[in-house]
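Have a look at the structure below, then the notes.
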Amino acid sequence: MKYGRVDITAPEQCPPEGRLPDAGPRLPAEHLREVFYRMGLDDKEIVALSGAHTLGRSRPDRSGWGKPETKYTKDGPGEPGGQSWTAEWLKFDNSYFKDIKEKRDQDLLVLPTDAAIFEDESFKVYAEKYAEDQEAFFKDYAEAHAKLSNLGAKFDPPEGFSLDDAAPADEKKVADPAPADDTNGAATADDTSEAAPQPEPFVAAKYSSKKRELSDTMKQKIRAEYEGLGGSPEKALQSNYFLNIMIVIAGLAFLTSLVGN
């Protein structure tokens, strides 16, 4: 994900309404291509983005599609009703492709544009793949979603930035690999090349082991939490004396009962 996206400041900067695909056009596959090709997306990305229907439900009173209620939506959560594409419509997985392929549950929604991904020969290649390989779907969906989200967006700086770019320098350092020696103990010719820095994985234990200095970022987080509780570097947290007294009394009462017994 790229950060630094600049917010719009007026409604006229929003894309016009009605540019999303229709649910039931006369030629569903060609309609999907007409909508998404103009945005630079290909068949693989169209099918991957269709997989977003693994979440959510459609309501006939709002879109004109779906049943008012099914066995999967009658109890909510949230406002009950509508028709979902998948049985577990709050879980993001590849069940959309599996359920569309099977078409065996009348309580699950299949729009004409959904059916097209298994009817069109080019779309079908990717739909079959995602039905079998969830990790492939996750990877392709993430890339397509990011591409679609960034279309027409402006960033500051123009190239955007990542969280790795913003991490403190000491968080990015990695140990240089030991030079490889040949049989005579001489360094090989490419020893002078430097390994590309890799982001350091987060390990919670290193922040409490007293074996390593905390990063500036972590110090700021700890200080913010400390001050949020009423403390500061100049003043210790106030004790709750009443609570402390009650704990002592409860402890004494417990000891007294033991002695009495």
Practice task
List the atom of A52, the atom of Y141, and the distance in Å for their closest heavy-atom pair.
Solution key: CB-OH, 3.6 Å
Problem - Side-chain donor-acceptor pair present, S84, T73, cut-off under 3.5 Å - result: no
Handout entry: Exceeds 12 heavy-atom contacts within 6.0 angstrom, atom CZ of R26
Key = no
Handout entry: Exercise: identify the closest heavy-atom pair between L90 and P77
Key = CD1-CG, 3.4 Å
Fill in the blank from the handout: Rounded to the nearest 0.5 Å, the OG atom of S58 sits from the CG atom of L111 at a distance of 6.5 Å
Fill in the blank from the handout: Between P112 and A23 the two heavy atoms that sit nearest each other are CD-O, 3.2 Å
Handout entry: Listed partners of K154 passing salt bridge (charged side-chain N to carboxylate O under 4.0 Å, His left out), at least two apart
Key = none
Problem - Listed partners of K44 passing side chain to side chain contact (heavy atoms under 4.5 Å, CB included), at least two apart - result: D42, Y126, Y130, D140
Practice task
Report yes if some heavy atom in the side chain of T70 is under 4.5 Å from a heavy atom in the side chain of Q106; otherwise report no.
Solution key: no
Practice task
Give the minimum heavy-atom separation between E132 and K101, together with the two atoms involved.
Solution key: OE2-NZ, 4.0 Å
Problem - Residues S122 and D120: side-chain donor-acceptor under 3.5 angstrom - result: no
Exercise for the section: Answer yes or no: are there more than 12 heavy-atom neighbours, outside E88 itself, under 6.0 Å from its atom CD? Expected result: no
Exercise for the section: Would you give the length of the straight line joining atom CH2 of W89 to atom CG of L109, rounded to the nearest 0.5 angstrom? Expected result: 13.5 Å
Practice task
Check the pair F161 / F155 against side chain to side chain contact (heavy atoms under 4.5 Å, CB included), numbers first and verdict last.
Solution key: CA-CA 9 Å; F161 64 91; F155 291 84; over 6 Å; no
Handout entry: Non-hydrogen side-chain atoms of P28 and T113 separated by less than 4.5 Å
Key = yes
Exercise for the section: Can you tell me which residue pairs pass the ring-ring contact (aromatic ring centres under 6.0 Å, His included) test with a partner in residues 16-51, sequence neighbours excluded? Expected result: none
Practice task
Applying ring pair (Phe, Tyr, Trp, His ring centres under 6.0 Å), run through F137 and Y96 and close with a yes or a no.
Solution key: CA-CA 11 Å; F137 165 57; Y96 165 82; 8.2 Å; no
Fill in the blank from the handout: CD of E69 to CG of D75, rounded to nearest 0.5 Å, is 8.0 Å
Exercise for the section: Treating Ile, Leu, Val, Met, Phe, Trp and Tyr as nodes and any side-chain heavy-atom pair under 4.5 angstrom as an edge, say whether I8 and L148 lie in one connected cluster. Expected result: no
Exercise for the section: Kindly indicate whether the side chain of D105, heavy atoms from C-beta on, has any atom under 4.5 Å from the side chain of D99. Expected result: no
Problem - Under 3.5 Å: donor-acceptor pair, side chain of Q134, backbone of N94 - result: yes
Handout entry: Residues, nucleotides or ligands: over 12 heavy atoms within 6.0 Å of K147 NZ
Key = yes
Exercise for the section: Would you check if there is a donor-acceptor pair between the side chains of T54 and D93 at a distance under 3.5 Å? Expected result: yes
Practice task
Over all heavy atoms of both residues, which pair between L108 and T86 is shortest? Give the atoms and the distance, please.
Solution key: CD2-C, 3.4 Å
Practice task
Consider only side-chain heavy atoms of I, L, V, M, F, W and Y, link residues closer than 4.5 Å, and tell whether Y72 and V110 are in one cluster.
Solution key: no
Handout entry: Side-chain heavy atoms of R19 within contact of R38, under 4.5 Å
Key = yes
Exercise for the section: Count the heavy atoms of every other residue, nucleotide or ligand shown that sit under 6.0 Å from NZ of K67, and state whether that count exceeds 12. Expected result: yes
Exercise for the section: Could you tell me whether a side-chain N or O of D22 sits under 3.5 Å from a main-chain N or O of G24, the two making a donor and an acceptor? Expected result: no
Exercise for the section: Determine the minimum heavy-atom distance between A115 and K103, stating which atoms define it. Expected result: CB-NZ, 4.1 Å
Exercise for the section: With R33 as the cation and F123 as the aromatic partner, state whether NZ or CZ is under 6.0 Å from the six-membered ring centre and within 45° of the axis. Expected result: yes
Practice task
Rounded to the nearest 0.5 Å, what's the gap from CZ on F97 to CZ on F118? Could you check?
Solution key: 7.0 Å
Problem - Pairwise distance CG(L55) to NE2(H53) - rounded to 0.5 angstrom - result: 10.0 Å
Exercise for the section: State the CG-NZ distance between D43 and K124, to the nearest 0.5 angstrom. Expected result: 15.0 Å
Problem - Same apolar cluster (I L V M F W Y, side chains within < 4.5 Å links), M39/L49 - result: yes
Problem - Carboxylate-amine/guanidinium contact E135 K139, below 4.0 Å - result: no
Handout entry: Single-linkage hydrophobic cluster, 4.5 Å side-chain cutoff, L32 and L151 together
Key = yes
